[in-house]
Visitor: 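Here it is: the structure, laid out below.
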Amino acid sequence: MNFTDTLKSVELVLAAGQVPLLVGKTGIGKTALAVETARQNGYKLVTIDGNLLKEGEIGGLPLIEDFFRQTDTSAATREKTTVYAVHHKLKEIDVLLSAGHQVLLFIDEINRCEHAVQQELMNLILNHEINGYRLRRDVHIVAAMNPSDTYEYEAVDMDDAQKNRFVWLYMEADPIQWLSWAADNHIEERVCQFISTYPEYLNSLNEDDINATPRSYERISKLYSLYKENTDTIPRSVFYNVIRGNIGKMIAEEFLNFIESTYKPLLTYEDVFSGAELSGNIAAAVADENHTRLYISAKNILNELRRHLDEGSVDSTKAVNRLVLFLQTYPVDLMVAIMKDIRNNMPLIYKYAAENDAFIDAYFAAFRRKRQRL
């Protein structure tokens, strides 16, 4: 499943009081999904990385305490008992709960820890108890693991009984959804264009070299931002080496060749919204673009429009009317997809769009055109 479908699946599983297990390759976005789940629901996120735990750590180190036991002769005798210290992550959960927050506990790398650690985590996940510590039932839990059928790293398989206690959700990289996320998170335009041109490089296994993952390009975006502002002090060879250290030699060479080539800039907010009327050149520019670049352009333009609407610096009716005229230059399927994206993910724009007759008419007219083509 892609990121959005997995996110909605996690919501459903948690609402049913069950435990989702995210399964996906490293860097694909499992942690980002946990962060987004917490953000959308107003939960406080607490993360435990199973790969960093040692045996007995999450269960707490044993301590000896005194207690008094009543004997048959009614005399109280002092005895010793073993108790366990509470791990700082579990204490963090209790502090957040005491403050009135809801908590999402994200347990990552559950199959990359020692077997004994995995058993301790299973007890916490499935029974909400470990060495006398009881995790409140209203704590939401999401677990995550890398696929076990790989030779890239050692994995500890669960037995069938343990597997049956989770709802398994398999994540896959989706270039279009990543580009949508990238536009919302200020990833460098040239990085987005590179993935739109070579979508197969978003999640690429490179034999005997570094694998490229969605997380790699988030780092590359920051590196490229620094490099283009400091080309006089950062040699190309240095930049190449750090890019190679993120995505491997072959893709790094492709990336540098790409960013150094002459390229046509994407359509911008100013292109669409400047002037008293929509420029007659827009339709020709749209016709000369591929779907992926058009989608990135629309996302960037919508994000800028959202900012202006939030600031109250544009007339909402005129802005939505102009937006409709722009989207009507797009291929029908792509226009409908963007309108759905506005409805599902851009509440501020949709608030004005839902009250705009031109937007509603364009949406249903697009469906009529699609049916006529069938």
Side-chain angles (χ1 to χ4, degrees), residues 7 9-23 30-31 33-70 76-145 156-169:
L7 181 64
S9 300
V10 167
E11 293 278 0
L12 178 59
V13 174
L14 290 177
Q18 299 165 9
V19 180
L21 176 62
L22 307 178
V23 184
K30 300 186 291 294
T31 301
L33 190 142
V35 170
E36 183 62 14
T37 300
R39 187 194 67 80
Q40 289 189 4
N41 291 279
Y43 301 153
K44 295 295 185 180
L45 180 65
V46 176
T47 300
I48 294 176
D49 191 335
N51 192 40
L52 301 179
L53 294 174
K54 299 299 181 184
E55 181 179 354
E57 186 177 350
I58 192 64
L61 296 175
L63 304 171
I64 303 299
E65 283 190 355
D66 292 340
F67 77 102
F68 290 93
R69 183 171 66 86
Q70 202 74 24
T77 61
R78 185 190 297 270
E79 303 285 354
K80 302 288 186 181
T81 186
T82 302
V83 296
Y84 293 86
V86 176
H87 190 272
H88 69 92
K89 287 289 186 178
L90 303 180
K91 181 182 178 182
E92 181 183 349
I93 292 172
D94 288 343
V95 170
L96 291 169
L97 292 171
S98 298
H101 299 292
Q102 292 194 68
V103 175
L104 176 66
L105 174 58
F106 178 56
I107 301 180
D108 199 8
E109 306 279 13
I110 196 170
N111 67 334
R112 293 197 62 203
C113 52
E114 300 172 6
H115 180 71
V117 173
Q118 187 183 78
Q119 295 300 108
E120 292 171 341
L121 291 173
M122 287 294 180
N123 207 31
L124 187 64
I125 294 169
L126 305 178
N127 302 320
H128 282 235
E129 191 275 335
I130 184 168
N131 286 344
Y133 172 85
R134 296 194 177 277
L135 183 68
R136 273 177 36 178
R137 289 285 173 180
D138 57 347
V139 173
H140 310 281
I141 301 177
V142 174
M145 59 178 265
V156 178
D157 286 330
M158 289 181 264
D159 60 42
D160 290 340
Q162 291 170 333
K163 292 178 181 178
N164 196 42
R165 302 291 292 274
F166 294 98
V167 178
W168 291 60
L169 304 176

Visitor: Indicate yes or no for a side-chain donor-acceptor contact from H128 to the backbone of R134 under 3.5 Å, with no hydrogens or angles considered.
Guide: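 Not at all, since once roles are kept as given, no pair shorter than 3.5 Å links the two residues.
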Visitor: So E11 and N41, side chain to side chain donor-acceptor pair (under 3.5 Å) or not? Walk me through it.
Guide: CA-CA 9 Å; E11 293 278 0; N41 291 279; 2.8 Å; yes
Visitor: Could you measure the distance from the NE2 atom of H140 to the CG atom of L104? Nearest 0.5 Å is fine.
Guide: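 H140 atom NE2 to L104 atom CG measures 7.5 Å (nearest 0.5 Å).
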Visitor: So if I apply the side-chain contact (heavy atoms from CB on, under 4.5 Å) rule between L135 and each of L105, N127, I130, N123, which one comes out positive?
Guide: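 Only match with L135 under side-chain contact (heavy atoms from CB on, under 4.5 Å): L105.
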Visitor: Can you check whether V23's main-chain N or O pairs, donor with acceptor, with K30's side chain at less than 3.5 Å?
Guide: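 Pair absent, no side-chain N/O of K30 close to backbone of V23.
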Visitor: Roughly how far, to the nearest 0.5 Å, is CE of M145 from CD of E109?
Guide: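 Those atoms lie 10.0 Å apart.
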Visitor: Assess whether side-chain contact (heavy atoms from CB on, under 4.5 Å) is satisfied between L33 and V10, documenting all intermediate values.
Guide: CA-CA 9 Å; L33 190 142; V10 167; 3.7 Å; yes
Visitor: Quick one, V19 and V13 - any side-chain contact, counting heavy atoms below 4.5 Å?
Guide: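 V19 does not reach V13 side chain to side chain.
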Visitor: Determine whether a donor-acceptor pair (N or O, by modelled atom type, separation under 3.5 Å) exists between the side chain of D49 and the backbone of N51.
Guide: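 Checking the backbone N and O of N51 against the side chain of D49, a donor-acceptor pair under 3.5 Å is found.
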Visitor: Set out, in order, the CA-CA distance, both residues' side-chain angles and the distance that settles side-chain contact (heavy atoms from CB on, under 4.5 Å) for D138 and Q102, then state yes or no.
Guide: CA-CA 8 Å; D138 57 347; Q102 292 194 68; over 6 Å; no
Visitor: Do I141 and L124 touch side chain to side chain, with heavy atoms closer than 4.5 Å?
Guide: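 I141 does not reach L124 side chain to side chain.
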Visitor: Could you check whether any side-chain N or O of E129 sits under 3.5 Å from a backbone N or O of G132, counting only pairs where one atom can act as donor and the other as acceptor?
Guide: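 Checked: pair present.
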Visitor: With rounding to the nearest 0.5 angstrom, report the CD to CG distance, E92 to L45.
Guide: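 Going from the CD atom of E92 to the CG atom of L45 covers 9.0 Å.
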